[in-house]
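See below for the structure under consideration.
Computed over heavy atoms, backbone and side chain alike; hydrogens, waters and symmetry mates excluded.
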Amino acid sequence: MIHLPRAVRPLALLLPLALFAPAASAQAPVPASVPTGAPLEREIPESLQTGDEVPWIYRGSDVPRDEEWLFGEMDNGLRYAVRRNGVPPRQVSIRIRIDAGSLHERDDERGFAHLMEHLSFRESKYLGPAMAIPTWQRLGATFGSDTNAETTPTHTVYKLDLPNATPEALEESFKLLSGMMREPVLTEANLAAEVPIVLAEKRERGGAAERVVEGTRKTLFAGQPLAERMPIGTEATLTGATAEAMQAFHARWYRPENTVIVAAGDVDPIRLAQLVEEWFGDWQGEGPHVEAPSFGDPVPPPGATGKNPVGETAVLVEPDMPRTLTYAIMRPWRQVDDTIVYNEGLLTDALAQALINRRLEARARAGGSYLYAQVQQDDVSRSTDATFVTVAPLSGDWQAAVADVRAVIADALATPPSEEEIAREVAEFDVVFASMVEQRAVMAGSKLADDIVNAVDIRETVAAPETVLTVFRGMRDKLTPAAVLEHTRALFDGDVVRAVYVTPARGEADAAAIRAALARDVAPDSSARLDATPIAFEDMPAIGDPGQVASVEPLGLLGIERVELDNGVTAILWANEAEPGRVAVRVRFGAGMRAFDAGDAVYRELGERALVQSGLADLGQEELDRISTGRKMAFDFGIEESVFTFAAQTRKADLDDQLYLFAAKLAMPRWDENPVMRAKAAARLAYESLATSPGSVLGRDLEYYLRDRDPRYATPDLATLEQATPEGFRAVWEPLLAQGPVEVAIFGEFDREATLEALRRTFGALPPRTPIPAEVAARTPDFPAPSADTVVLHHRGDANQAAAVIAWPTGGGVERLPESRQLEILANLFSNRLIDAMRERAGASYAPQVTNSWPTDLADGGRIAAIAQLRPEDVPAFFAAADEIASDLVANPPTADELARVTEPLRQLINRASTGNTFWMYQLEGATRDPRRVALVRSLLNDYTVTTPEAMQALARKYLAVRPGFRLAVIPEGQELVRGPAAAPAQAPAGR
């Protein structure tokens, strides 16, 4: 369940946090009034809104319509939106939104909206029991990503991303979806099979984190249905559900007037509209229409007076959770007319928040009382319009942290920002909106479909990227200091203030103390206001004397080139226009995990958090922000098994400077202490929460145990963290930045000659690199020795939660890369069977999975691993099921249908991914020094999709039969590992 806050909506006009769009061939816009495409067999759909008719989503709005969408509204009340989109090619993304979520449930129906989602997948008019997932797998759709659903407080959305959407597959999919929505089979037998699966999902989501979510909801939304209406429901209402009650819920809410269907894909949109009307046009609701219940308003406590009265507060004590205080300034939510003026107001709100958040971050970076703090306005589930302030105190002195944050906010409320500060944020917004325009041709159909669904949910419109940019640039003169101050004050003015403090320490605070802290006056603190003077790259020191391009030659695939500079740095360049406005950059250097010694794990952990933030040359954290203002730049750092990486998505105009940042980090790193100390604090707070659940324990310890307890893979404990110092950090990382060969990959829309020159001035100017020591280069991860024992770890969470892992070693290296791809097929076969077995065993596990890993750069270290979260008493069932599946794969080849259910989704996944530059970048990394990788790319599709039952059996014999799997279980503290027989299977296999 993901609620998209106002701060990430495109128009409902606010600044997105990220732009997601896999690249592919673009399609020309299709005007709403004159559809184009191949001749159609049937006439234009009668419910299509054309000409001067205002589409249903734009009623009451003056936002210019996005002409690429076609809209329709049928006589039965069902609304739809369709468009052509070729990203990725041959795919159609379908979303069916039902205006029914947990807020529509009665007291005895809690969890019914989500349960209905499950039952719709289990069996319906055109699908037999548990046939939905296998059916779409045969059509190439992957379970969990291409076929999925979500239930939130306000809606239920069914999602299908159908690859290779042939006319037959598309017609069949609409038929099947219509049966799921209109006529699910709601029987006691299906309830008996599905309720345990929902309870398993509820159990796996439980624990301390879920208790915090529930406690926070009850306090912040006190008096409103949202306080009690968790979409997962309660065990009592779920186990008490009857077929008659589910049928009544379905009849009340699953109606055409409550339904919106969205389809975007590589098909004539008229055909999509035809399919909607064909399969849903005669749908009629059962009985009279029922209005949605009231979601209520936040109200002040009785007798409250004055501005922003403090209402409900709570302290939640969770021994394994880090300290966090959230307070909210609450206002009633009201539906609005989504006009240009309204969106200008939203943008001004967003800019005001960005200013405050930048100041709060600056205060945290400088050291002080809190690790981080953030302000965010959000419309929550059509229940409240609230401004949330979140603070993570560094210690038990939460009062100092809250006071410091409130003082920064008080300054923003008292004094207007400077023109320079506003200009800085305007530049940041502008580059994002301009990038959306540049990249509109490669926006994924799935993302576009989700945008419509989210707009419907918040009762607003959608807009083309050009409209967003035009509106924003057109309001620049309105973004005055006085206007920003006015909007800032409105954001912190409400009907009631509520707060929740989460702490691991009992007695540290109580509700009255929280209330007093928020009611107390604070003096404005202007010390966090930042210098907004731009920093120019032209003023930065040169990395060194520019090098020379020693050679440029074809890599041997497509139009990709291999470049070598005279200092030994190599590069892979592919200038292409497949993704307008995008350039992907990835730098590989050094030895990765191999580089660390046994005692360096703490600095590996801190390096992931602090290496980039430590700065370069004359640029600290704040200066890095300032120099990239108004630019599309990034600085992602990663530690892989064999290499370190820098990565960014940038654009042609900023590519030279992006390369400078990466090269300068290697040539002239800076060693600021504050980022290291802050990283220590963050790691310390995180570590305290790593025993709260089976999943968090696995995150902390699984790699350590799967690597035969190699200390390099250990998560540093509190004592180790305390001993880490900035001096030690530099001593470890400084030589590693200078070590090993460097390979730069640049794929996207860029100027080849200018980029070669930029490489010469940046990476070509690096000093000679220190070779990776032979002993380091030869390191490969170990795997535990064969044993019949189970490693048992403990968590401090709920007594009904556990996790289990079983793993077998495989291999590594380039030579056997085709075999690793075949192992992916075997792992998917294993996974399908494990899902059937473990969901079938009375809901033993909600989402078990099997993964295949294979380190290409190392000679060994790969594995197949199966994992599940379940009840402690079901751990033996998991191990028994995994052993049984492994033994059967060894003894018997899989069926042809089983293989098709795996290979077709893999084929479609590769076909879609290969339309993007990053796919080729990742496949070819390392190829400048190992040309075998180029040849192996040519066999990739066949390796992943062409096999035989006998080949799968041979792989199973090679890897699953030679030794027992390594076993690990995470169970609650105070319990012993159950070693009894496996649980009895339920009556029928799970449907989704």
Side-chain angles (χ1 to χ4, degrees), residues 21-53 55-58 65-74 78-97 136 139-141 146 158-178 259-282 440-453 455 462 464-465 578 908 911-912 915:
S25 61
Q27 298 287 345
V30 181
S33 57
V34 189
T36 63
L40 295 169
E41 298 178 359
R42 282 171 259 183
E43 61 186 18
I44 300 298
E46 65 178 28
S47 299
L48 197 65
Q49 296 171 316
T50 59
D52 294 333
E53 185 177 4
W56 54 267
I57 202 170
Y58 290 99
R65 63 175 295 185
D66 185 340
E67 295 291 339
E68 293 194 51
W69 282 105
L70 306 182
F71 297 91
E73 186 170 19
M74 298 194 293
L78 187 146
R79 295 160 291 163
Y80 65 80
V82 295
R83 70 178 283 168
R84 182 192 293 276
N85 175 273
V87 185
R90 299 178 295 281
Q91 176 173 296
V92 172
S93 294
I94 303 170
R95 304 290 184 263
I96 301 182
R97 180 190 181 276
W136 271 302
L139 294 173
D146 297 330
Y158 296 83
K159 303 181 179 184
L160 172 65
D161 293 331
L162 182 68
N164 194 27
T166 64
E168 297 77 16
L170 194 57
E171 176 104 27
E172 181 70 5
S173 295
F174 269 94
K175 170 185 171 182
L176 300 179
L177 287 168
S178 73
T259 303
V260 171
I261 298 177
V262 185
D266 203 2
V267 174
D268 190 304
I270 296 298
R271 180 60 187 146
L272 296 174
Q274 289 174 339
L275 287 167
V276 173
E277 297 199 9
E278 175 184 350
W279 289 104
F280 293 89
D282 62 347
R440 66 168 302 170
V442 289
M443 294 179 69
S446 58
K447 168 66 165 57
L448 294 168
D450 288 338
D451 286 346
I452 291 282
V453 168
V462 291
Q908 298 306 328
N911 285 337
R912 286 178 286 178
T915 61

Notebook entry, point to check: Could you state the interatomic distance from CG (Asp282) to CE (Met74), rounded to the nearest 0.5 Å?
Noted result: 9.0 Å
Next item on the list: Mark yes when over 12 heavy atoms from residues, nucleotides or ligands other than Glu53 sit less than 6.0 Å from its CD; otherwise mark no.
Entry: yes
Next item on the list: Would you mind reporting whether Asn911 and Asn164 have side-chain heavy atoms less than 4.5 Å apart?
Entry: no
Check: Donor-acceptor pair, Tyr58 side chain versus Asp66 backbone, under 3.5 Å?
Finding: yes
Checklist line | Heavy-atom closest contact (Pro55 atom, Gln49 atom, distance) | finding: CA-OE1, 3.2 Å
Item checked: Where Leu78 and Phe280 come nearest, the two heavy atoms and their spacing -> CD1-CB, 3.9 Å
Notebook entry, point to check: Just by distance, do the side chain of Tyr80 and the backbone of Thr259 share a donor-acceptor pair under 3.5 Å?
Noted result: no
Margin query: With rounding to the nearest 0.5 angstrom, report the CG to CD distance, Leu48 to Glu277.
Written below: 7.5 Å
Note to self: To the nearest 0.5 Å, what is the distance between CZ on Phe174 and CG on Leu160?
What the structure shows: 9.0 Å
Note to self: I'd like to check Val442 versus Thr915 (side-chain heavy atoms, cut-off strictly below 4.5 Å). Are they in contact?
What the structure shows: no
Checklist line | Residues Arg84, Arg271; criterion side chain to side chain contact (heavy atoms under 4.5 Å, CB included); working and verdict | finding: CA-CA 10 Å; Arg84 182 192 293 276; Arg271 180 60 187 146; over 6 Å; no
Checklist line | Closest contact, heavy atoms only, Ala165 versus Val267 | finding: O-CG2, 4.5 Å
Check: If you take all heavy atoms of Asp451 and Val462, which pair is closest and at what distance?
Finding: O-CG1, 3.9 Å
Next item on the list: State, yes or no, whether a side-chain contact exists between Ser173 and Trp136 at a heavy-atom distance under 4.5 Å.
Entry: yes
Checklist line | Pair Asp268 + Arg83: basic N to acidic O under 4.0 Å | finding: no
Next item on the list: Using the side chain to side chain contact (heavy atoms under 4.5 Å, CB included) rule, take Trp69 and Val262 through it: C-alpha gap first, then chi angles, then the decisive distance, then the call.
Entry: CA-CA 10 Å; Trp69 282 105; Val262 185; 3.6 Å; yes
Next item on the list: Evaluate the side-chain proximity of Leu170 to Leu272: yes if any heavy-atom separation is below 4.5 Å, no if none is.
Entry: yes
Margin query: Can you give me the closest heavy-atom contact between Met443 and Leu448, atom names plus distance?
Written below: CE-CD2, 3.7 Å
Checklist line | Side chain to side chain, Val260 and Trp56, heavy atoms closer than 4.5 Å | finding: yes
Checklist line | Among Val82, Ile44, Leu275, the one residue meeting side-chain contact (heavy atoms from CB on, under 4.5 Å) with Ile270 | finding: Ile44
Item checked: Ile261 side, atom CD1; Ser178 side, atom OG - distance, nearest 0.5 Å -> 9.0 Å
Item checked: Atom pair CD/CZ of Glu68 and Arg440 - distance to nearest 0.5 Å -> 4.5 Å
Check: Just wondering, do Trp279 and Leu176 contact through their side chains at under 4.5 Å, heavy atoms?
Finding: no
Next item on the list: Ignoring hydrogens and angles, tell me if any N or O in the side chain of Gln274 forms a donor-acceptor pair with the backbone of Glu43 under 3.5 Å.
Entry: yes
Next item on the list: Working to the nearest 0.5 Å, report the span between CG of Leu139 and CG of Asp146.
Entry: 11.0 Å
Notebook entry, point to check: So which of Arg912, Lys447, Arg95 actually passes salt bridge (charged side-chain N to carboxylate O under 4.0 Å, His left out) with Asp161?
Noted result: Arg95
Margin query: Please check: side-chain N/O of Gln91 versus main-chain N/O of Gly445, any donor-acceptor pairing under 3.5 Å?
Written below: no
